[in-house]
Amino acid sequence: MKKSIFLALCLTCNTLVFAQITPSQIDTLVERTLKTFNVPGIAVAVVKDGKVILSKGYGVRSILTPEKVDENTLFGIASNSKAFTTAALAMLVDEGKITWDDKVIQYIPEFKMYNNYVTQEFTIRDLLTHRSGLGLGAGDLMIWPDGNNFTTQDIIQNLQFLKPVSGFRTQYDYDNLLYIVAGEVLHRVSGLTWDDFIETRILKPLEMNHTAPSFIKVKDTTNIIVPHVPTDGKLKVISRYKNPTLDAAGGLYSNVNDLSKWVIMQLQKGKYGTNATALFSEKQQQEMWTPQTILPNRTTPPYNTHFSAYGLGWFLSDVKGYKEVSHTGGLDGIVTQVTLFPELNLGIIVLTNQQSGAAFNSITNTIKDSYLGIPSEDYVTVYSNRRKAKQDNADKISEEVWQQISKNQNEKIKIDFNPYLGTYKDNWFGEIVLSEKKGKYYFASKRSPQLIGEIFFYKDQTFVVKWNHRSFLADAFVTFSGENTNIKMKPISPLTDFSYDFQDLDFAKVK
């Protein structure tokens, strides 16, 4: 029985070589993806030549309830929100209120980076193109995993303490914080908050009636997913990320029906509706879709991509001779993808309520291959094998660390932790407290209260913190130096999300 199903699925995948994929084939593909990657719910939309070819939900909103995902089910679209921020700024450029190359300090005088020259030269364009010189996800612990104690103003104030890892405008390193600053530029120029601008100037004209610029502004939560994370071998429901400070970088909640309207507008060069009203000019769209920051070259079959870059809120690449404009988004337990092929007038949207990027890649690539007219691989199997290899490697690394800790405990190695106890401070992250309770030792952040966990001795001057929230998948090394007065940290697993940027912390003991 199982063998017959597998053969049928393979035959279905093979038919994609010869013709554009049909809705029924997408149904089969998504159902297989749900099972393979243990994703509870997925929504998919395909837009072609200004029409919605498919807009459909699959699976369930939560593993705890039977409600199904449909085309109107809301998902957090995470970093796909960045394109809304750049679109909003493009509207201000069209209105002559700003230019892309205006200095940030013109609008936010207190804006300050680590280097004074960089501060003076930093432009609005630089806020949007991941070329600041800061490292991957630098400072994200101010917003991640909760960061509810950090305001936008705190982030602007603390940027000056983040040390660069490369020269200004010389290297691509993805960031979130500078999009939050871009949202503040929008606020100060327009007089509207980022949320209000997006709602009144983009969502309403596009009739994206169910979309909200932030979770806290979702009016109707009766049809919304919950996030899921594989934790300790089981899929678990986790608490939803709700921090509005992130909104300009990743706050929107939407569904595939509404996002299809956004995609149609993008493919129609900024215009939407029967009156072809323009949200922004074709000139500004071309600016957003023009390479700004070069990405490392990865020429891999079957797409023969020679160049990849980041534009303004979009990733750009050549795929089989066509321009691909795309972005992904990720929050804990939610990942999403939007892909456009302007020359084919094609858009693909995939939203999921689990954090497997392999799932949306399997679906998007299979659909786009059929429109590109190229033989499609069995991406579900390809990405499943690739994911398993990476997970096995990460598990091996983590297991070796915990085996050493277990060995230490079995051998009853005594460590006097009292000299390590106390309060430590990092310039941008604030204070943490290392304390003892009933013979156990704990790490607790004052400003990011979800970051709390037990500390275990590993070796030499290095310990490991095991977070109470196991869904973080982000246990970290804690290494002391300077007669136990300084702390450096780094993630244990190579699969830890980059927003847990422990490596950027530099703690000094204050009491």
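Salt bridge annotation for Glu343-Lys320: absent, with no cationic side-chain nitrogen under 4.0 angstrom from a carboxylate oxygen. Using a cutoff of 4.0 Å between basic side-chain nitrogens and carboxylate oxygens, Arg131 and Asp126 are scored as salt-bridged.
Seen from the ring of Phe429, Arg447 does not count as a face-on cation partner, given the 6.0 Å and 45° thresholds.
Of the candidates Trp144, Tyr253, Phe215, Tyr241 forms a ring-ring contact (aromatic ring centres under 6.0 Å, His included) with just one, namely Trp144.
For Asp140 and Tyr500, the side-chain atoms include no donor-acceptor pair closer than 3.5 Å. Under the 3.5 Å distance criterion, with hydrogens and angles disregarded, no donor-acceptor pair is assigned to the side chains of Gln354 and Thr352. For the residue pair Gln20/Ser370, the side-chain donor-acceptor check at 3.5 Å is not satisfied. A donor-acceptor contact closer than 3.5 angstrom links the side chains of Thr381 and Arg32. Using modelled atom types, one finds no donor on one side chain facing an acceptor on the other under 3.5 Å when comparing Asp501 with Gln503. Side-chain contact check for Asn365 and Tyr383: at least one donor-acceptor pair (N or O, by modelled atom type) lies under 3.5 Å. A donor and an acceptor atom, one from each side chain of Arg386 and Tyr379, are nowhere located under 3.5 Å apart.
Here the side chain of Trp289 pairs no donor or acceptor atom with the backbone of Val325 at under 3.5 angstrom. Put simply, the side chain of His327 never gets that close to the backbone of Val338: no donor and acceptor are under 3.5 Å apart. Judged by distance alone, with hydrogens and angles left aside, the side-chain atoms of Ser317 form no donor-acceptor pair with the main-chain N or O of Ser308 at under 3.5 Å. Side chain of Asp175 to backbone of Gly137: no donor-acceptor contact under 3.5 angstrom is found.
By the 6.0 Å contact criterion, OH on Tyr322 is open, its count of non-hydrogen atoms from other residues, nucleotides or ligands being 12 or less. By the 6.0 Å contact criterion, NZ on Lys48 is enclosed, its count of non-hydrogen atoms from other residues, nucleotides or ligands being greater than 12.
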### Task
With ring pair (Phe, Tyr, Trp, His ring centres under 6.0 Å) as the test, would you mind laying out the steps for Phe168 and Phe122 before giving the verdict?
CA-CA 9 Å; Phe168 181 40; Phe122 217 93; 5.5 Å; yes
### Message
Glu31 vs Lys35, test: salt bridge (Lys or Arg N to Asp or Glu O under 4.0 Å). Steps then yes/no.
### Response
CA-CA 7 Å; Glu31 292 295 343; Lys35 294 175 183 177; 5.7 Å; no
### Query
Given the rule in the ring pair (Phe, Tyr, Trp, His ring centres under 6.0 Å) test, do Trp262 and Phe84 qualify, once you have shown the distances and angles that lead to the verdict?
CA-CA 9 Å; Trp262 165 252; Phe84 285 78; 3.7 Å; yes
### Task
Quick one: do Glu377 and Lys368 satisfy salt bridge (Lys or Arg N to Asp or Glu O under 4.0 Å)? Show the steps, please.
CA-CA 11 Å; Glu377 296 187 51; Lys368 80 183 186 185; over 6 Å; no
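Under the side chain to side chain donor-acceptor pair (under 3.5 Å) criterion, the residue pairs touching residues 70-79 are Asp70-Thr73, Asp70-Asn223, Asn72-Asn257, Thr73-Asn223, Ser79-Lys82, Ser79-Tyr174, with sequence neighbours excluded.
Applying the salt bridge (charged side-chain N to carboxylate O under 4.0 Å, His left out) rule to Glu95 yields the partners Lys97, Arg201; only residues at least two apart in sequence or on another chain are considered. When the salt bridge (charged side-chain N to carboxylate O under 4.0 Å, His left out) test is applied to Lys271, no partner is found at least two apart in sequence or on another chain. Under the salt bridge (charged side-chain N to carboxylate O under 4.0 Å, His left out) criterion, Asp392 pairs with Lys388, sequence neighbours left out. Looking at residues two or more places apart in sequence or on another chain, you find a salt bridge (charged side-chain N to carboxylate O under 4.0 Å, His left out) between Asp101 and Arg125. The side chain to side chain donor-acceptor pair (under 3.5 Å) check on Ser281 picks up Asp94, with sequence neighbours excluded.
Atom CD1 of Ile225 and atom CG of Leu351 lie 9.0 Å apart (nearest 0.5 Å). Within the model, atoms OG of Ser471 and CD of Gln450 stand 8.0 Å from one another, a figure rounded to the nearest 0.5 Å.
Note: His130 and Tyr310 have perpendicular aromatic rings, judged against thresholds of 30 and 60 degrees for the angle between ring planes.
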